[in-house]
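Heads up: the structure comes next, in structure tokens.
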Amino acid sequence: KDTTFNNSSYIYGGMSQVSGDVTGNAVTISGNTTFLSNSSKVLIFGGQSINPDAAITNNTVTINGTIEFSGETSIFGGQSFKGEVKGNTVTFNSDTVDGITTFTNKNSFIFGGASDKGQAINNTVEINGNTTFNSDSQIYGGWGYAGAEGNSVIISGGNITGLVSGGYSPIGEANYNKVSISGGNINGLVSGGYGNEAANNNSVIISDGTVLGSVRSGYGTQDASSN
């Protein structure tokens, strides 16, 4: 069935407005779906909480089929304002049988898990098949303001223009994060982990595919080792 969203779209697998953690929720988008929001936004959350201290764990977003995102799009497996974000996943499964997923706007942001003030731990973005990110997209396994550990981006196909980062922390440490590439085409920076304080034991593993741009296993402004 064909589905079209004409305005700003906000999609939640699970969301808490007051208290309590958000765990084990899922969003799946499949079939022929178009988000026509050229001047608006698309926000998709596997799990999210307005409670600033809520932990967001084991939530998922799965994209299958022929999907077009024409506006500014942000997709989160899990997102918290201050709490820990752990074990959340965003997966793209489009292939030659099921269709192609396309992001046509330059402002496309994908997070396995993101915490505005807390830590992101063991979150994942997985990109398979025919998924195309056009013009300066940003893809993070985990984004944690206070720290990012054990996050990963796994790419086996598709076309990506922009930044790919296993784990990113603007003020904390980024340790044991990973980007694994076994197919597809990437034009941009690939970073295993970036941490303002330190980046240790991060990795980028490329077994196939094409990468046009810089590759950094780990980058820390104060310390970087065993990357």
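For the numbers below, each heavy atom of this structure counts, side chains included, while hydrogens, waters and symmetry mates do not. Quick caveat, the model's predicted, so the values are computed rather than measured.
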Under 3.5 Å, which donor-acceptor pairs do the side chains of residues 206-215 form with other protein atoms, sequence neighbours left out?
from	atom 1	to	atom 2	distance (Å)
S207	OG	I181	O	3.4

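A donor-acceptor pair under 3.5 Å is absent between the side-chain atoms of N59 and the main chain of A26, judged by distance alone. In this structure a side-chain-to-backbone donor-acceptor pair under 3.5 Å is missing from N201 to S225. Although no hydrogens or angles enter the test, the distance criterion places no donor-acceptor pair under 3.5 Å between the side chain of D21 and the main chain of A54. Formation of a donor-acceptor pair under 3.5 Å by the N88 side chain with backbone atoms of G112 is not found in this model. Using a distance-only test at 3.5 Å, with no hydrogens or angles considered, a donor-acceptor pair links the side chain of S49 to the main chain of S16. Remark: the backbone N or O of A120 is paired with a side-chain donor or acceptor of N151 at under 3.5 angstrom. A donor-acceptor pair under 3.5 Å is formed between the side chain of S115 and the backbone N or O of G83. With hydrogens and angles ignored, the 3.5 Å screen pairs no side-chain donor or acceptor of N177 with any backbone N or O of N202. A donor-acceptor contact shorter than 3.5 Å links the side chain of N123 to the backbone of G87. Side-chain N or O atoms of S169 include one that pairs as donor or acceptor with a backbone N or O of G144 at under 3.5 Å.
Side-chain contact check for T101 versus N130: every heavy-atom pair is 4.5 Å or farther apart. Contact annotation: the side chain of D116 never approaches that of Y145 to less than 4.5 Å [non-hydrogen atoms, C-beta and beyond]. Between T89 and V61 the shortest side-chain heavy-atom distance does not fall below 4.5 Å. The shortest side-chain heavy-atom distance between T124 and I154 falls under the 4.5 Å cut-off. Within the 4.5 Å cutoff, the side chain of I67 has heavy atoms near those of the I29 side chain. Put simply, the side chain of F103 reaches to within 4.5 Å of the side chain of I75, judged on heavy atoms. Within the 4.5 Å cutoff, no side-chain heavy atoms of T33 are placed close to those of E68. Counting only heavy atoms from C-beta outward, the side chains of N128 and S156 approach each other to under 4.5 Å.
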Set out, in order, the CA-CA distance, both residues' side-chain angles and the distance that settles side-chain contact (heavy atoms from CB on, under 4.5 Å) for V85 and I121, then state yes or no.
CA-CA 6 Å; V85 176; I121 301 172; over 6 Å; no
As a quick check of understanding, evaluate ring-ring contact (aromatic ring centres under 6.0 Å, His included) for F92 and F133, giving each step before the final call.
CA-CA 12 Å; F92 297 91; F133 297 87; 5.6 Å; yes
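From N159, atom CG reaches atom CD1 of I186 across 9.5 Å, with rounding to the nearest 0.5 Å.
Each of N187, N134, I127 was scored for a side-chain contact (heavy atoms from CB on, under 4.5 Å) with I160, with one residue passing: I127.
Classification of the W143-Y168 ring pair by plane angle, with boundaries at 30° and 60°, yields parallel.
Taking a 6.0 Å sphere around CZ of F109, one finds it holds more than 12 heavy atoms contributed by other residues, nucleotides or ligands.
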